[in-house]
Amino acid sequence: MINGNNNTILTSIDIGTTKICVLIGRILNKQVIEIIGIGKATSEGLAKGVVVDIAKTVYAIGSAVKEAELMAGQSIEKAVIGISGSHIEALNSHGVVPIKKSVIRLQDIENALAAASAIPIPQDKQVLHVLPQYFMIDGRELVYDPLGMFGIRLEVEAHIILGALASVQNLINCCQHSNIIVQDIILEQLASADAVLSYDERMLGAAILDIGGGTTDFAVYHQDSIRYTKVLPVAGNHFTNDLAIGLRTTIKEAERIKKNFGIVHKNYLNNELLIDMLRVQGEGSRTIYHQELLSILQPRAAELLSFIQKEILQNRLHGYIPAGIVLTGGGSLMKGMQELAESIFELPVRIGNPHITFDLPETLKNPMYATGYGMLVHILKKQRYGKKTGTFENVTAVLDRMKSWIVDLFNREFGI
């Protein structure tokens, strides 16, 4: 096997609550990645995006990595991973600094973002990202690229993302035990957006709703910068558990039924469809109607989407999302999710598949791979602008790298 240190090879590991997904890509040019390896394994060591069993997580990562390596004919030693989970929090903050030499330099921008991040935070939390939304010079109109402009005072409105140090360290440890060096860590909302949002959607304003196994990630983009993020601890596992309880069947059987027959809108109801399923504790089988699935899954889906609608209304986000909402993640695959979302949000809604820049395997044209593919796209963009990735062995190094994304993101958004 060729060693994974080859600079043309990128690897992403999406460590989710229900699945571990590994993608190995070959860089063809500065804008195109060819996927050459796919590996997937059931994840049983996480709850709501947080590691709760290191041994099970390490085993799942190792299994997915081996499968991807076998398909690619490449051994890998390092990878980028995503971070999400119920421990992620976000808020908006304001920073002001004097412009020392009248002309705004990159250092002035960094100082303004540092001022915005100087906020009181809980002891168990740490600033992970400081993402610029817009700037103002001398209190005047909004500016998205202040570099090189003249002024006396620079202000910034920034989106601050907080996370638990222990959760980050546990993810790193699991990768290290699987003989994988963590090359970079990416907030999953950023990765998913890179995979499924078009440039026009990011500029005009759109939201992305990634319904995963343990958490649902929500993010709003406007003027090509992130405006709002939220992680909800309600996701695919809740649908599965509802089915298991309502149908009195096993978790495994409920998951199978959800994936094959899941429905959340009456437009997809098939009154002639009969579904055979196993009873719990091996008590034989029974037949159910499609209507039974609708009666169980639709209320949970409506509850989840209503949570997001409440976030939109409370935070007055409607004006930022005229292009609508893009659904992605495995939970978006249940039939009728798009129609149900449109009725609740009263906005355009579409299912977001990864943007294909190469003839990807058919299996990748699926919302559940959006985060993994988006991580590769995100890293490729950073390399295109000359940004280097590192390797991490502890949480301090990770945070240092994450904080450097202040400049990385600004450079990427404005082409510096």
Decide side-chain hydrogen bond (donor to acceptor under 3.5 Å, both in side chains) for Q133 and N92; before the verdict, give the C-alpha distance in whole Å, the side-chain angles of both, and the deciding distance to 0.1 Å. CA-CA 9 Å; Q133 296 178 335; N92 291 328; 3.1 Å; yes
Mind running side chain to side chain contact (heavy atoms under 4.5 Å, CB included) on Y289 and L273 for me, showing each step along the way? CA-CA 6 Å; Y289 291 95; L273 178 62; over 6 Å; no
Given side-chain hydrogen bond (donor to acceptor under 3.5 Å, both in side chains), test T18 with S43 step by step and report yes or no. CA-CA 5 Å; T18 58; S43 175; over 6 Å; no
Apply side chain to side chain contact (heavy atoms under 4.5 Å, CB included) to residues I186 and I83 and explain how you reach the verdict. CA-CA 6 Å; I186 302 168; I83 185 168; over 6 Å; no
Between I275 and L293, is the side chain to side chain contact (heavy atoms under 4.5 Å, CB included) condition met? List the steps. CA-CA 10 Å; I275 304 167; L293 300 187; 3.6 Å; yes
Between Y373 and V196, does a side chain to side chain contact (heavy atoms under 4.5 Å, CB included) hold up when you go through it step by step? CA-CA 9 Å; Y373 184 70; V196 304; over 6 Å; no
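Taking 4.5 Å as the limit, every side-chain heavy atom of V220 sits out of range of all side-chain heavy atoms of I226. Looking at heavy atoms from C-beta onward, F218 lies in side-chain contact with L317 at the 4.5 angstrom threshold. Looking only at side-chain heavy atoms (C-beta outward), L380 and L376 stay at 4.5 Å or farther from each other. You'll find the side chain of I81 reaches within 4.5 Å of the side chain of C175, heavy atoms only. Q176 places a side-chain heavy atom less than 4.5 Å from the side chain of I172. The side-chain heavy atoms of T11 and V80, taken from C-beta on, include no pair separated by under 4.5 Å. At a threshold of 4.5 Å between non-hydrogen side-chain atoms, the residues L305 and L209 count as touching. Side chains of I211 and L304 form a contact here, defined as non-hydrogen atoms less than 4.5 Å apart.
When each of L171, L23, I20 is checked for a side chain to side chain contact (heavy atoms under 4.5 Å, CB included) with I13, only I20 meets the rule.
I251 CD1 to N237 CG: the interatomic distance, rounded to the nearest 0.5 Å, is 8.0 Å. Between K266 atom NZ and L340 atom CG the span is 11.5 Å, to the nearest 0.5 Å. Here L10 contributes atom CG and I24 contributes atom CD1; the two are 10.5 Å apart, rounded to the nearest 0.5 Å. Rounded to the nearest 0.5 Å, atoms CD1 (I15) and CD1 (I61) are 4.0 Å apart. Note that CD of E201 is 11.5 Å distant from CD1 of I325, once rounded to the nearest 0.5 Å. In this structure, CG on L154 lies 7.0 Å from CD1 on I109, to the nearest 0.5 angstrom.
Using modelled atom types and a 3.5 Å distance limit, the side chains of H290 and N270 yield no donor-acceptor pair. Side-chain N/O atoms of E44 and Y59 include no donor and acceptor closer than 3.5 Å. A side-chain donor-acceptor contact under 3.5 Å links E255 and T240. T215 and K48 are not linked by any side-chain donor-acceptor pair at a separation below 3.5 angstrom, with hydrogens and angles left out of the test. Between the side chains of D210 and T328, no donor-acceptor pair is found at a separation under 3.5 Å. Between the side chains of E339 and H265, not a single donor N or O lies within less than 3.5 Å of an accepting N or O. No donor-acceptor contact under 3.5 angstrom links the side chains of S285 and D276, judged on distance only. The closest side-chain donor-acceptor pair between Q291 and N271, if any, does not fall under 3.5 angstrom.
Among all heavy-atom pairs drawn from Q338 and I351, the shortest one is OE1-CG1, 3.8 Å. In terms of heavy atoms, I161 sits closest to L187 at CD1-CD2, 3.1 Å. Residue I208 comes nearest to A193 through the heavy atom pair CD1-N, 3.6 Å, listed as atom of the first residue, atom of the second, then distance. Taking both residues in full, the closest heavy atoms of A64 and V22 are given as CB-CG2, 3.6 Å, listed atom of the first, atom of the second, then distance. The two residues F345 and H318 make their nearest non-hydrogen contact at O-NE2, 3.9 Å. Residues P354 and A370 approach most closely at CG-CA, 3.8 Å, considering heavy atoms.
A salt bridge is absent between R350 and E342; no separation between the charged side-chain nitrogens and carboxylate oxygens falls under 4.0 Å. A salt bridge does not link E69 to K66: none of the charged side-chain nitrogens sits closer than 4.0 Å to a carboxylate oxygen. Salt bridge D14/K40: absent, no basic N to carboxylate O contact under 4.0 Å.
Side-chain atoms of S192 do not come within 3.5 Å of backbone N or O of Q189 as any donor-acceptor pair. Counting only distance, with no hydrogens or angles, the side chain of H159 and the backbone of T229 share a donor-acceptor pair below 3.5 Å. Using a distance-only test at 3.5 Å, with no hydrogens or angles considered, no donor-acceptor pair links the side chain of T249 to the main chain of V280. Put simply, the side chain of N260 never gets that close to the backbone of I257: no donor and acceptor are under 3.5 Å apart. No donor-acceptor distance shorter than 3.5 angstrom exists from the side chain of E67 to the backbone of G39, with no hydrogens or angles considered. Remark: side-chain polar atoms of S225 are not paired, donor with acceptor, to backbone N or O of Y221 under 3.5 angstrom. Of the possible polar contacts, none joining the T8 side chain to the I27 backbone as a donor-acceptor pair under 3.5 Å is found. A donor-acceptor pair under 3.5 Å links the side-chain atoms of T17 to the main chain of G49, judged by distance alone. With K258 contributing its side chain and L297 its backbone, the two residues share no donor-acceptor pair below 3.5 Å. In this structure, the side chain of E34 does not engage the main chain of R26 through any donor-acceptor pair within 3.5 Å.
The aromatic rings of H222 and Y320 sit perpendicular, their planes meeting at an angle over 60°, well past the 30° parallel limit.
Surrounding NZ of K230 are at most 12 heavy atoms belonging to other residues, nucleotides or ligands under 6.0 Å away. Residue R248 places its CZ atom among 12 or fewer non-hydrogen atoms of other residues, nucleotides or ligands, all under 6.0 Å distant. In K259, the NZ atom is not crowded: 12 or fewer heavy atoms of neighbouring residues, nucleotides or ligands sit closer than 6.0 Å.
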